[in-house]
Each structure stands twice: as C-alpha cells, then as structure tokens.
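The next block holds one structure in the form of structure tokens; read it before the comments.
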Amino acid sequence: MEQKMFERLKRVADEIKKAKSVAVLTGAGISKASGIPTFRDKDGLWKKFSFSQFATYQAFRKNPKEVWLWYNYRKKIIKQAKPNPAHEALAELEQRFKENFTLITQNIDNLHYLSGNRNIIELHGNIFKVKCTICDRVYVDDKIYSEEELPPKCKHCGGLLRPFVVWFGENLDRDLLDEAIKSATSDVFLCIGTSGAVQPAASLPKIAHDMGRFVAEFNIDYSGISIYADEVVITEVTESLPQLIKLLDS
Ligand SMILES: [Zn+2]
C-alpha cells in the first residue's frame, strides 16, 4: 500500500482507538471479492438486466415466477460465496466493541452474518428469507426452487411468497431505519464499498458528519459520500480493512 494511503489508514485507526462506539455502513463493494456482482459497476447487474423487470413490486405482481427465477439465479451465486478478509475484519471489529458496534448493510447476501457479525441492520432485507404477501410472516428459506415449484407458497397460510428484499419504489422498514439513524451518531462512522447512490442509506454518513462524528470512507473510487468523509481510503477493501485491524494493535 502506498505511503499516503497508509497514513490515512493510521489516522482512522487512531480515531477508532479513541472511540467508545463504532458504526459501519456497507454496500455491494465489500462482497465483490466474494464473487457477488455489484449493481452499478461497468460489469454490474444493472448493466445486463433491467431492475424494472426484476426488482419492483409491479414486476412481481405481473409475473412472480419470472422474478423468482431471477432471485433463484442470484441465490445460487450467493450460496456459493464465502466471506472475504474485509468481512472478517468487521467481525473482528465487533468483537472489540461488542454492543457498541453496529453494522448497517445494504447487502442481502448474509455474508456479514456468516463471518461472525451479530449486531446487523439489514436495511434491504436478506435473500435467504421470504415474506408472505397474505399473512406478512417473514421466515428463513434458503431453498433453490425448481421451475415447477415457482412461485413458492407460504408454509403457514399457503399465500404467495416474495423474496424478503426491498425493491425499487418500496420504503425501508421504519424501525430499522430509525435504528440505523441512531447508530450514525456513534463516535466513528465507516462507509465501506458503497457508492452512496441509494437513499436513504446514503444519507447516514451525512448525518454522522453533520453531528461532528469522524467519518471514513473505504472504497475503490471516490463517491457521493467522499465529501462527508474526514478520511478517504481508496484501495481494495480486502486489503485496507485487515490492515486497519492490525493498526489497532500497534
Ligand atoms: Zn402466509
């Protein structure tokens, strides 16, 4: 890592050492090294597929089977994925701060849970959960259904199931969002692998910044979040985050 980046990382580590609480916001960039495609990169999913065809409630009502086939395709990719060193670094960070650590994620891939994080706010849901459109129950269901079984039915009431994810045009769960906003007031707020393109998650670093908290961004490129960051570390997050953890002990 080049010297300038190392010094920035060192400053972030020093702020974390002084902090009593830490919150983290993650996006698709952290799971890229685990083989999960991002959405807005040049080779991202929305370059190949149209979100209006697969990721809206209207599309689901019109053709639930087609939408479920797309989620099955993504479930297969995500099921094979394993947490990478960036996920592991965040699990380590939670170990250090325990209940004073909050991980807010826009990812639906469950990799933070697999790497050991427990205090997770999944703003956009979880691909391995389903929600019934009739009785509203949410439960874990990681099965990859055959085409004939689609769309799947609720095990409680037989109603049509949908993936437990937030689609375009849908509101986030109000309680989750309130919790996320509350945690943005932690002493240190880290933004990792997120482009800052999707609201309202993208407003969290601004809230932290406006409240005078220390904000750091870890990304492969500058983003809409960079202007709110006290430090920006531009390099692969699988490199910078493990290095950050090492610096906490130095
Ligand atoms: Zn039901």
Side-chain angles (χ1 to χ4, degrees), residues 25-28 30-31 34-39 45-46 48-83 87 102-183 194 198-202 204:
L25 170 69
T26 65
I30 194 170
S31 294
S34 293
I36 299 173
T38 59
F39 294 96
L45 287 172
W46 298 145
K48 279 183 271 182
F49 303 97
S50 154
F51 70 77
S52 59
Q53 195 183 353
F54 299 111
T56 64
Y57 187 68
Q58 288 77 0
F60 179 71
R61 286 319 308 197
K62 212 168 104 192
N63 196 341
K65 188 167 180 157
E66 191 178 74
V67 170
W68 264 109
L69 280 170
W70 150 257
Y71 277 91
N72 258 10
Y73 158 76
R74 293 192 56 208
K75 260 173 144 176
K76 269 185 219 160
I77 294 174
I78 292 172
K79 242 185 166 173
Q80 289 163 4
K82 300 209 165 30
H87 294 107
T102 312
L103 196 156
I104 306 155
T105 188
Q106 301 165 89
N107 299 342
I108 59 170
D109 58 33
N110 210 38
L111 290 180
H112 288 302
Y113 186 83
L114 288 182
S115 70
N117 281 111
R118 287 299 174 267
N119 198 1
I120 308 171
I121 299 174
E122 289 177 320
L123 280 182
H124 293 170
N126 185 313
I127 198 165
F128 297 122
K129 289 181 182 169
V130 289
K131 182 178 180 181
C132 179
T133 57
I134 302 299
C135 72
D136 277 344
R137 283 188 180 90
V138 174
Y139 57 91
V140 173
D141 182 356
D142 67 353
K143 184 176 171 187
I144 313 264
Y145 290 94
S146 68
E147 202 169 333
E148 299 72 52
E149 294 170 304
L150 293 175
K153 301 283 185 295
C154 175
K155 68 178 180 185
H156 301 286
C157 77
L160 174 65
L161 289 175
R162 59 168 284 174
F164 183 55
V165 297
V166 177
W167 283 324
F168 287 88
E170 292 186 313
N171 292 325
L172 301 195
D173 181 286
R174 190 65 232 180
D175 292 340
L176 282 187
L177 189 58
D178 284 347
E179 241 186 283
I181 290 170
K182 210 174 116 203
S183 70
T194 177
V198 179
Q199 289 296 350
L204 295 170

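Keep in mind the model is a prediction, meaning the values are calculated, not measured. Just so you know, ligand 1 is whichever comes first in the structure, and atom 1 is the first atom listed for that ligand.
A pairwise comparison of heavy atoms in C157 and C132 identifies SG-SG, 3.5 Å as the closest pair. Across all non-hydrogen atoms, the minimal contact from D109 to F128 is O-CE1, 4.0 Å. What you find for T194 and T26 is that their closest heavy atoms are CB-C, 4.4 Å.
Scanning for salt bridge (Lys or Arg N to Asp or Glu O under 4.0 Å) contacts around E170 gives R162, with sequence neighbours left out. The ring-ring contact (aromatic ring centres under 6.0 Å, His included) test applied to Y57 returns no partner, not counting sequence neighbours.
Residue pairs meeting the ring-ring contact (aromatic ring centres under 6.0 Å, His included) criterion with at least one partner in residues 137-156, sequence neighbours excluded, are Y139-H156.
Among protein atoms, those of element N, O or S found less than 2.8 Å away from the Zn ion (ligand 1) are C132 SG, C135 SG, C154 SG, C157 SG.
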